[in-house]
Protein chains: 2
Amino acid sequence: MEELTRIRHSLAHLLAMAVLEYDSKAKLALGPAIENGFYYDIEFSEGRNPSPPDLKAFEKNMKKLVLEKLSFECREISPEEARKKFADNPYKMELIDGIIERGEKITVYKTGDDFTDLCRGGHVESTGEINPDAFALTHIAGAYWRGDEKNAMLTRIYGLAFETPSALAEYRKMQEEAKKRDHKILGPELDLFTFSPLVGAGLPLWTPKGTTLRMLLDDCVWNLRKEYGYERVEIPHITKKDLYEKSGHWDKFKDELFRITTREGHEFAMKPMNCPHHCQIYARKPWSYRDLPQRYANTTMCYRDEQSGELAGLMRARSFTQDDAHVFCREAEVKDEVRAIYNIVTEFYGMFGIALEVRLSIWDKEHPEKYLGGEESWRKSVDTLEKLLYELGRKDFEWGIGEAAFYGPKIDFMGKDSLGRKHQIATIQLDMNMPERFDLACTNEEGERERIVMIHAAVMGSIERFLSILIEHTGGAFPFSLAPVQTAVLTVSEKHNEYAKGVWSELKKCGIRAELWNENESLGKKIRNVKLQKVPYFLVIGDKEVESQTVTVESRDEGALGAGALADFIHRTTNLTKSQTS
Amino acid sequence: MEELTRIRHSLAHLLAMAVLEYDSKAKLALGPAIENGFYYDIEFSEGRNPSPPDLKAFEKNMKKLVLEKLSFECREISPEEARKKFADNPYKMELIDGIIERGEKITVYKTGDDFTDLCRGGHVESTGEINPDAFALTHIAGAYWRGDEKNAMLTRIYGLAFETPSALAEYRKMQEEAKKRDHKILGPELDLFTFSPLVGAGLPLWTPKGTTLRMLLDDCVWNLRKEYGYERVEIPHITKKDLYEKSGHWDKFKDELFRITTREGHEFAMKPMNCPHHCQIYARKPWSYRDLPQRYANTTMCYRDEQSGELAGLMRARSFTQDDAHVFCREAEVKDEVRAIYNIVTEFYGMFGIALEVRLSIWDKEHPEKYLGGEESWRKSVDTLEKLLYELGRKDFEWGIGEAAFYGPKIDFMGKDSLGRKHQIATIQLDMNMPERFDLACTNEEGERERIVMIHAAVMGSIERFLSILIEHTGGAFPFSLAPVQTAVLTVSEKHNEYAKGVWSELKKCGIRAELWNENESLGKKIRNVKLQKVPYFLVIGDKEVESQTVTVESRDEGALGAGALADFIHRTTNLTKSQTS
């Protein structure tokens, strides 16, 4: 276990000690280390639920405990002793039952003189290893016991913890920046999308600006794809239950499926993914090996019945748009097809300066029963992908043992945004299962029927989710080629309207997405607003510009660029578009 | 009543007479005149259901009756007499109950010596007016009594009838041509779309070729729209029930709504139209009159829970794609906005040689209670549209009294296809209701809140429905600019592959949608197939062409064009694309 994880887990125990000092009857539930820190779920005595000032007091107490250089002593205890010791804590009793059921040892950890917690371990030897200025309690939230809304609601106290105070400070700074860039706030401020209480939570409505952005992103992916022979298809967003029974999704997705009973009593569902529909397009006619690969691309909405509490802006919505694609090919063609998708993915994310880490997710040999196909078939397909990654110069890939889908290995991409946060983004997935279930084949050179392979090849995955990342990655300052409004034309007063209108229409004629800001407002106010809107360029039109038939240019990224001919500005931006999209 | 309708209705009675001669216990239900002919719904005695040869016999009998110059004598009878007379016919009894309930007179029509039918009239004076060679019985179908599947299934016998034998012959020829062009057969043959029994009836899946066609059509409309300042928006395909309760669609569409209950127990629906969603986008912020009109375009799927029996290929599907648009504007802006939509509509249909008739659908003054808004408001809006149609040189428009929507008048377009069939296509609809229900407004010059008007402005209406018309209108021979495959390159034998590949890739580089047909098949077979696929051009590549570095061109519409340089062919088609899309 990593040192940092041990520190975080130990701090969870110190938090518990501080809490018990404040409310000796509080019932501790679970207190694990998590990314960036730790938490503890606790049932407080009635009327003793803590408030933010209490958190400050807990934190102070924890610092005191840290300085005492307390040790964590492990001791195995018998089921009887455990049940006696934790008899008045139903959460720990439930955990103990679980441990006994699984036939594991029961261990407790003692810290200081009085505090003992049921715990499987992973602690520092002494709290002396913890820097008292490198952790902090941050906030309180409600959490159902074991995440199940049928259980009691507990109080969760969150803390951050790092090895050094500067690491903590850096993380907090990043968090603050992230808060400023929160796409849920920034998106509506930039007028990209909106939610309506009548339409419902998790169902974003896209404004003209947001739609422009979506379409430009989709075009980016399509322009890359069409070079590799992809073709577009289109599908209905519903299907009879039969399709998902055959594909296996009816059982797998059952809770998340939006289900429909028609007036004639048939069962339908809204699609939570597109592969079964695309399989039906492939299955429409017999194929010769000469016709393969068939590569179907389709930007289309999918739907999942997410619980209200799980929704998070565009990051997790009930309707989201996949830039989906599926390749139907022979086994021997897999390598070339995956290489093409790899190239598309890296080129696309490269445009936005999002660096990618690669993981090769394979099966877990120890549990062959969890996977479709035998050792030979897994060895072969993993081998293909591994060799390809070497060929692509990606020896730095990680192995994800047991991270494969049950039907085949995959290449997962993790993207790092400008705030240093990692996001699981694209994934290239081999699928031997769907072709089997839908009996997809081609006729080979020998005139025999040959089972084919399917490859899942979404690039953004979900346009909504990608946009939530992109908005926060750029803080809304989109590159020129993507900006919904690329240039704003600002008038100083009404008498400059006519000339400004000419400039504006010339810009539009040259394919630049331009807006005319000729409201009867002060130039200062217009400039403030245009900056808030993160428009890449604005052109000021006043007496001087009208007289000299010029425009005064200011760039979002480079500041004031001075006055010049409109043609020069147009030339500049045309070059910019070329360099940002190639 | 038109003479032709009287002839058709009278023939329905003669059919009944012929039927009774064949099965004297048959129970007559309903026998109206319809477009192009007539039918009669009949319950035959057990085991007496007629077969096609029987139809021939009925027809022969009907001709005999025609020649007898029989008259139709009308007589009013009392409810008692009616009930006594038709006592053993439950269908007629039900009709009689209805007539009595509505307080109408009961009339019967006597033809010849023995036959009397309950009938409200509309007959020829004598069958002498009927041309015995201008009608025919065509086929038998099942039909539920009064169209309700809960009722008994009756036998419906269909007939055609015209004034002259040549009109009948012409209609039958047109029908035969229509059968050959049936989009339900031609569409899959041209590999445009497919249906899957696993996905379900009424849910078309779009192949690469069909998707290309859809996107080209959508681009056509978009290119016209963007000149008029439209912007694109995007919306989720579901909504909480609340949206439709507020818009009034929950009640109005209740049977046709696909409804969903989420896992949390909320009621959702799939959208059967887009206006309420678009209203929510408009409602996201306050608007100044300076910002108006807002014009939102959105190509997106809608869903209606159609009954299985009502489905008809792409003409009536459960999922269909609207090329929808809504304009939010002030009353004073209505005229200009409607003019713009009129221009878009006529330009679009003009591209395909579909002539348009115009109807101005207005309210029915006699029933103001059926409509929203008073006489003054209707007079004003109808006036605006009437003046506009005059300005547009469309004095030939029809008045559709009582054909308006309850919330506003509309301009309906009827299109005539190459077989002379009329289709209700685009419609421009003023809507004062949605803005009222959703409280949509702007701030006017006086700083006051002003209610706005919404205009519905779909051009194709449904891409699927339009495609069903276009496929039959063109017989699958799409204009060059729309053809999913514009040019096929056909090799004579394998040794011409290399040169042919060069030709093919040059075509693609020039933006021509080209296919390489280099299978190991005879040229004759390839030419037969390429003609069946209605590809606008094919280029033959053999020894001669390789040697002289030329291509031999054949055009679908103009026949053999001889050998020439590839560059000339490309030049020719580029000009074609320009002329067909501008």
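Naming: A, B, ... by sequence-line order, numbering from 1 per chain.
When heavy atoms are compared at a cutoff of 4.5 Å, P197(A) approaches chain B solely by way of its backbone atoms N, CA, C and O. Heavy atoms of E256(A) lying under 4.5 Å from chain B belong to its backbone as well as its side chain. Heavy atoms closer than 4.5 Å to chain B are found in the side chain of F438(A), but not in its backbone. Looking at P204(A), the atoms closer than 4.5 Å to chain B (heavy atoms on both sides) all sit in the backbone: N, CA, C or O. Of the two parts of Y303(A), only the side chain, counted from C-beta on, holds a non-hydrogen atom closer than 4.5 Å to a non-hydrogen atom of chain B. Looking at Y296(A), only its side chain comes within 4.5 Å of chain B, counting heavy atoms on both sides. No part of K209(A) comes within reach of chain B, as not one of its non-hydrogen atoms sits under 4.5 angstrom from that chain. Only the side chain of S319(A) comes within less than 4.5 Å of a heavy atom of chain B; its backbone N, CA, C and O stay farther away.
Comparing R232(B), R214(B), K246(B) by how many heavy-atom pairs each has under 4.5 Å with chain A, the most go to R232(B). Ranked by non-hydrogen atom pairs under 4.5 Å with chain A, the options I281(B), T321(B), T262(B), T212(B) are led by T262(B). Heavy-atom pairs under 4.5 Å with chain B peak, among P208(A), S288(A), S196(A), at P208(A). Heavy-atom pairs under 4.5 Å with chain B were tallied for L257(A), D191(A), V199(A), T239(A); the largest tally goes to V199(A). Your options are D255(A), N298(A), T194(A), T261(A), and the one with the most heavy-atom pairs under 4.5 Å with chain B is D255(A). Contact tally against chain A (heavy-atom pairs below 4.5 Å) for I260(B), I235(B), D242(B): the top residue is I260(B). Counting heavy-atom pairs under 4.5 Å between each of K285(B), H277(B), E149(B) and chain A puts H277(B) at the top.
Note that CZ of R318(A) is 8.0 Å distant from CD1 of I238(B), once rounded to the nearest 0.5 Å. We find the OG1-NE2 distance between T300(A) and H237(B) to be 7.0 Å, quoted to the nearest 0.5 Å. R263(A) CZ to R259(B) CZ: the interatomic distance, rounded to the nearest 0.5 Å, is 11.0 Å. Here CG of N520(A) is found 6.5 Å from CZ of R290(B). Values are rounded to the nearest 0.5 Å. Note: L198(B) CG to Y244(A) OH = 11.5 Å, rounded to the nearest 0.5 Å.
E234(B) places a side-chain heavy atom less than 4.5 Å from the side chain of M301(A). Side-chain atoms of R284(A) and L205(B), non-hydrogen and from C-beta on, never get closer than 4.5 Å to each other. Within the 4.5 Å cutoff, no side-chain heavy atoms of E231(B) are placed close to those of T211(A).
For K184(A), the NZ atom is densely surrounded, since the number of other residues' heavy atoms within 6.0 Å is greater than 12. Atom CH2 of W206(A) sits in a crowded spot, with more than 12 heavy atoms from other residues, nucleotides or ligands closer than 6.0 Å. For W517(A), the CH2 atom sits in a packed shell: over 12 heavy atoms of surrounding residues, nucleotides or ligands are nearer than 6.0 Å. Atom NZ of K241(A) sits in a crowded spot, with more than 12 heavy atoms from other residues, nucleotides or ligands closer than 6.0 Å.
A side-chain donor-acceptor contact under 3.5 Å links E264(B) to the backbone of S308(A).
Ring pair F258(B)/F268(A) is tilted by interplanar angle, where 30° to 60° counts as tilted.
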